[in-house]
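Atoms considered below: every heavy atom in the structure, side chains included; atoms not considered: hydrogens, waters and symmetry mates. Counting starts at 1 for both ligands and their atoms, following the listed order. What you are looking at is a predicted structure, and each value in this text was computed from that prediction instead of being measured.
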Amino acid sequence: MQQEQRPGRRTLLGAAAALGAGAVVVGSGAAPAVAAQSGTGRDGQAGHGGSYKDLPKPTVIGHRGGSGYRPEHTLGSYQFALDNGADVIEQDVVPTKDGHLVCRHENDITGTTDVAARPEFASRKTTKTVDGEAHTGWFTEDFTLAELKTLRAKERIPGTRGHNTLYDGRWQVPTLEEVLKWADEQGRKRGRRIWLHIETKHPTYFRKAGLGLEERLAKLLRRYGRAGRNSHTFLQSFEPGSLQRLNRLGVDCPKVLLLDDLNTRPWDFVEAKDPRTVADLITPKGLKWVTGFAQGIGPWLNLIIPRDKNDKLTKPTTLVRDAHAAGLILHPYTMRNENSFLPADFRRGTDPNAYGDVFGAFKTYFATGIDGIFSDNCDTAALARADFVKG
Ligand code: G3P
Ligand code: CA
């Protein structure tokens, strides 16, 4: 059984139900009609205003959309999440060669598109070092948007999520702009704005490649009325410098600093020879520093409840208490229903791909006081939240 795959050891996970591919058209587009609405839900889903403080708690964040059920980061995956209990829907963004932001968990698109089967792109296969790690495959920054749009998305972990391969080839790689348009359309249908949680991926790497993410992101967010404090948008990054840059660009959305394992360092720290590790950042002093540019942290779940050598949960750390004392919210990642990702305490049977006692796991994590959770299975998370709120 494996634990959550983290940067540095994420070989496996790197880790519109009704919409056909290309249903949302790329374009510069005027600011959408719902841009200024703060909106309360009229559709039976969670209704809330424009401040993150008004979101239901613990907030259900659809990780890469509804990636437990559809190939991740597709309009199908986002639609599934919106229709099945997610309060907030996550996008990871990377750039194309011509500077468009597209939604992929990493710039290596070998595992999540059909690029390897496309002879016209065979010569683009290469090896790159991204954040200190060598990767061999095909990379978004070597493709124009027009070229990338000829590819089709596919399930990242077909051995674990065989059912999801039914949807292989159905959707394209979406641009962030397409997703912003989609969110506006869905918001108009529902009479409320749709919450998004957008992560800048490998921001230092891309800046060095001449493809800085933050200016492009700021421009798009402004165009779609999502750059303000109450604009139904979280921004997240593993690199503090990316969030700080967004602040300098005047983007006021609430920001969440993602935190990897204790002994790791954000890549911008590595490049700047800043010796601080995640362990330093989660001390009261470190958390106070984080409040200078972010409203929350997104820790790996094991920072909240560590696992022992048998993969069983141990005693919760003081991170929830310490972060709250500093005034930070917590959006930890990632809950997945399959045995292979759950702590040993909640596995059921011997099939690693079968679902375990995920309600038991959610209950345990929710009891720590976290403010939200990233989950591949938003429907399960929403039911678990309802149980938890009921008591
Ligand atoms: O952004 C929250 C969570 O997605 C962080 O992990 O590697 O899946 O982006 P990752
Ligand atoms: Ca992410």
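- The residue His197 has no part lying near ligand 1, judged by heavy-atom distances below 4.0 Å.
- Both cation-pi conditions hold for Arg276 and Trp289: the charged atom is under 6.0 angstrom from the six-membered ring centre and inside a 45 degree cone around its axis.
- Taking every heavy atom of Arg64 and a limit of under 4.0 angstrom, the matching atoms of ligand 1 come to 8 (O), 10 (P).
- Of all atoms in ligand 1, numbered sequentially from 1 with element shown, those under 4.0 Å from a heavy atom of His63 are 3 (C), 4 (O), 8 (O).
- Close approach to Lys201 involves these atoms of ligand 1, each under 4.0 Å from a residue heavy atom: 7 (O), 9 (O), 10 (P).
- Aromatic rings from Tyr69 and His163 are positioned such that their centres are separated by 6.0 Å or more.
- Figure legend: cation-pi geometry between Arg70 and Tyr167, with NZ or CZ positioned under 6.0 Å from the six-membered ring centre and within 45° of its axis.
- The cationic group of Lys128 lies under 6.0 Å from the six-membered ring centre of Phe139 and within 45° of the ring axis, placing it in a cation-pi geometry.
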>> Before you tell me yes or no, could you show the steps for Glu338 and Asn353 under side-chain hydrogen bond (donor to acceptor under 3.5 Å, both in side chains), namely the whole-Å CA-CA distance, both residues' side-chain angles and the distance that decides it to 0.1 Å?
In response: CA-CA 5 Å; Glu338 292 91 356; Asn353 301 327; over 6 Å; no
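- In the vicinity of Gln236, heavy-atom distances shorter than 4.0 Å reach the ligand 1 atoms 1 (O), 2 (C).
- Under the ring pair (Phe, Tyr, Trp, His ring centres under 6.0 Å) criterion, Phe121 pairs with Phe143, sequence neighbours left out.
- Considering backbone and side-chain atoms together, Glu90 places an N or O closer than 3.5 Å to an N or O of ligand 1.
- Ring to ring, His232 and Tyr52 are not that close: their centroids are 6.0 angstrom or more apart.
- In summary, of the residues considered (Phe359, Tyr365, Phe366), a ring-ring contact (aromatic ring centres under 6.0 Å, His included) with Phe362 occurs for Phe366 alone.
- Counting heavy atoms closer than 4.0 Å to ligand 1, residue His331 contributes nothing at all.
- Phe238 has its ring centre no less than 6.0 Å from the ring centre of Trp267.
- For ligand 1, the atoms sitting less than 4.0 Å from at least one non-hydrogen atom of His105 are 7 (O), 8 (O), 9 (O), 10 (P), numbered in the order shown with element in parentheses.
- Where the criterion is an N or O separation shorter than 3.5 Å, residue side chain and backbone included, Tyr333 fails it with respect to ligand 1.
- Distances from the Ca ion (ligand 2) to the N/O/S atoms of Glu199 are shortest for OE1.
- The atom of Glu90 that is an N, O or S and sits closest to the Ca ion (ligand 2) is OE2.
- Considering just the N/O/S atoms of Asp92, the one nearest the Ca ion (ligand 2) carries the name OD1.
- Near Leu258, the atoms of ligand 1 lying under 4.0 angstrom from a non-hydrogen atom of the residue are 1 (O), 2 (C).
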